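Here's the structure we're looking at; comments come further down.
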Protein chains: 2
Amino acid sequence: MPSIDQVAARAGVSTATVSRALRGRSGVSPSTRDRVLAIADAMGYVASSSAAGLATGRNMAIGVLVPVVHRWFFASAIEGVDRQLRARDYDLDLYSLGGHGTNRDRVFHRSMLRKRIDGLVVLCMALTDDELTALHALEQPVIVVGGPVEGCRHISIDDRAAVRDATNHLIGLGHERIVHLAGGGSFGIEFSVPRLRAAGFGDAMEAAGLGAGPEATVFGDYTADSAKATVARVLDRAPGTRPTGIVASSDEMAFGALLAAAEAGLRVPEDLSVIGIDDHEFAGVFGLTTIRQDPVAAGERAAALLLGELEGDGRVPAAQPGPEAHELVIRRSTGPAPMLTAATSGARVQPA
Amino acid sequence: MPSIDQVAARAGVSTATVSRALRGRSGVSPSTRDRVLAIADAMGYVASSSAAGLATGRNMAIGVLVPVVHRWFFASAIEGVDRQLRARDYDLDLYSLGGHGTNRDRVFHRSMLRKRIDGLVVLCMALTDDELTALHALEQPVIVVGGPVEGCRHISIDDRAAVRDATNHLIGLGHERIVHLAGGGSFGIEFSVPRLRAAGFGDAMEAAGLGAGPEATVFGDYTADSAKATVARVLDRAPGTRPTGIVASSDEMAFGALLAAAEAGLRVPEDLSVIGIDDHEFAGVFGLTTIRQDPVAAGERAAALLLGELEGDGRVPAAQPGPEAHELVIRRSTGPAPMLTAATSGARVQPA
DNA sequence: TTGTACGCGTTATCAG
DNA sequence: CTGATAACGCGTACAA
């Protein structure tokens, strides 16, 4: 691992010139520049980021804070952030909270403040007030990918509209007894997003004149497992009360719903329609109708915004950007509501 | 962001003493140590990693190189590495190759050599010779999680034995026409692992006196989508030739197989048994029988090994560790081979 | 036990 | 266009 002096010596110039040449600064004659570049390359020289960071105050690295890398949304967003960063020659420091509330403290009060990063991307999670202050104490640009977080800009779809659209798809198919399979539960993912999505469900139901009482919402913890168990209970309701449509707040939960339906001997979509949100990589094989969002793109956009701000002249704190696009993707898991017969429709009998 | 001098000033001691106190070095009276600690804490002081790195030559960070973070195995392993690192107060630098062979060069020849990390964890992937040299040129400890990589220690299950066990499970249930759904395809994940697994399949088939001709192996690219399409074609074979059991090289592919079977109108496990490898988080909801491996644990172990070596006195390059455990997890996707009738068994008729 | 002073590898400032 | 040289913030021999 050669240092800059060695390169300078070999090239017969000063370290200053080497530095200038390598960084593309002006004020170096083309001939020397070429020579230095060639020699540096031949020697395999790469500047030490510690030294460069110390001297410039910029680390060429940004941090990504995630509750857990395992989940589809997070893994995808990380991928997107990374893609953008790598393209701009920035490094990516990953801070995972690891699912459990463990070591959150360590992360917030030690790791992240080590002046190792120039900015932070926070992936959709609930933050305590304490943590929020810690974030602001960083005095670094922060951007959230996922849901609104107080006092931070965020990149995300319009969650409320997304679920409204999903619900309306079912309503448009004639469904009246619809259940919202909401997320929220174990780790800190729950916060504004579940609320917004619940609101979107309510919007659509109300606008259609359909009831959305407490029975119309069940919780699935954002996992297929948990959702499957929950939905199994719901499908156990008497035929007249049993929903004909399910709006899951994530595809992973929708998968659980699909499997629960299969085990209950219900046909999809003849007996039950299921729509999710995400367009998870498995949605296709499952034939799941869903609202697509693109966390990879969101991650890219967030990183680009952050970098733009960092490299910008400074005083342009970039306003809150508009929401990401979402889109209904129709597959095989949704269809017309089953015919209502006197036997199953309860009070509401269709006039022949 | 206070610097060490400010802490020193406030505490009325020299920066040397502050440094010693904070790093737990001996030679500081308990009273001063406590005072310094309290003040540093109150001021929210954290040493700059650039400065510390420059001074000590150690960055307190290790790199994790992954082909893509999206896949279950990788996401899990990252989680494991992170867990161990965080516990030991190391940072984690993520280098994702992002699926496509893009920017591999950049990563290998620039990012990683920036003297930002103290060691590297490589997650299961094929490396070109050039890249392998670049790795060794790092002059840093490297460990692989996944499959054997030439000249590197690695942490992984015994892939050959794992697939052998999976195949034997099916054989034990009376299956004779078994197909191996192998991985390998798009991105650089393919290399020694697919080969080892194919060998394991061959071992078991041969030992049972069953044929494992070219027809017995099909490829699924490690994705559910691709596997589903492939298996659909296989299940299209004439009833007498159609396999009664499938050994998938990953759970994601097994999911695809399951869905293909469902669409083909085949019952699982009555008509078709499917076994996977991984124990993916969805394996439970799918009722998939599989060979469990624990990439989180593998990641933790790898990181622990690396750190041990880094913090060890040095000259103990830690030998190649033994394989990780794997374990058969029986669920509902495997069962006795269907009865052979004259109509379906082809040449091989069971004596009544 | 404590403080002084130098070095870590680069970048930036200012002469030349 | 180029070269000294002073920071950058911290760790650590060495001296006290």
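Letters A, B, ... mirror the listed sequences (proteins, then strands); counts begin at 1. Predicted model, so just to flag it, every value in this text is computed and none were measured.
- With sequence neighbours left out, the side-chain contact (heavy atoms from CB on, under 4.5 Å) criterion links A/A55 to no other residue.
- With rounding to the nearest 0.5 Å, the separation of CD1 in B/I78 from OG in B/S96 is 7.5 Å.
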How would nucleotides 9-16 of chain C be written as a contact map, 5' to 3', with B for base contact, S for sugar-phosphate-only contact and - for no contact, using protein heavy atoms under 4.0 Å? BBSBB---
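- Scanning for side-chain contact (heavy atoms from CB on, under 4.5 Å) contacts around B/E300 gives B/R83, B/Q84, B/V296, with sequence neighbours left out.
- Take B/R88 and apply the salt bridge (charged side-chain N to carboxylate O under 4.0 Å, His left out) test, not counting sequence neighbours, and it matches B/E311.
- For B/D130, the side chain to side chain donor-acceptor pair (under 3.5 Å) partners at least two apart in sequence or on another chain are B/H109.
- Applying the salt bridge (charged side-chain N to carboxylate O under 4.0 Å, His left out) criterion to B/D82, with sequence neighbours excluded, gives B/R86.
- In terms of the side-chain contact (heavy atoms from CB on, under 4.5 Å) criterion, A/A325 has no residue partners (sequence neighbours excluded).
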Distance-only check: which donor-acceptor pairs under 3.5 Å involve side-chain atoms of residues 58-68 of chain A, not counting sequence neighbours?
{"unit_1": "A/R58", "atom_1": "NH2", "unit_2": "A/Y90", "atom_2": "OH", "d": "3.2"}
{"unit_1": "A/N59", "atom_1": "ND2", "unit_2": "A/K115", "atom_2": "O", "d": "2.8"}
{"unit_1": "A/N59", "atom_1": "ND2", "unit_2": "B/S50", "atom_2": "OG", "d": "3.3"}

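- Considering only residues two or more places apart in sequence or on other chains, A/D5 meets the side chain to side chain donor-acceptor pair (under 3.5 Å) condition with A/S3.
- Axis angle between the ends of the helix from C/dT1-D/dA16 to C/dG16-D/dC1, five pairs each and rounded to 10 degrees, works out to 40°.
- Note that the first and last nucleotides of DNA chain D, 5' to 3', having any atom under 4.0 angstrom from a heavy atom of chain A are D/dC1 to D/dG9.
- Listed by chain and residue number, B/D158 satisfy the side-chain contact (heavy atoms from CB on, under 4.5 Å) test with B/P323 (two or more places apart in sequence, or in another chain).
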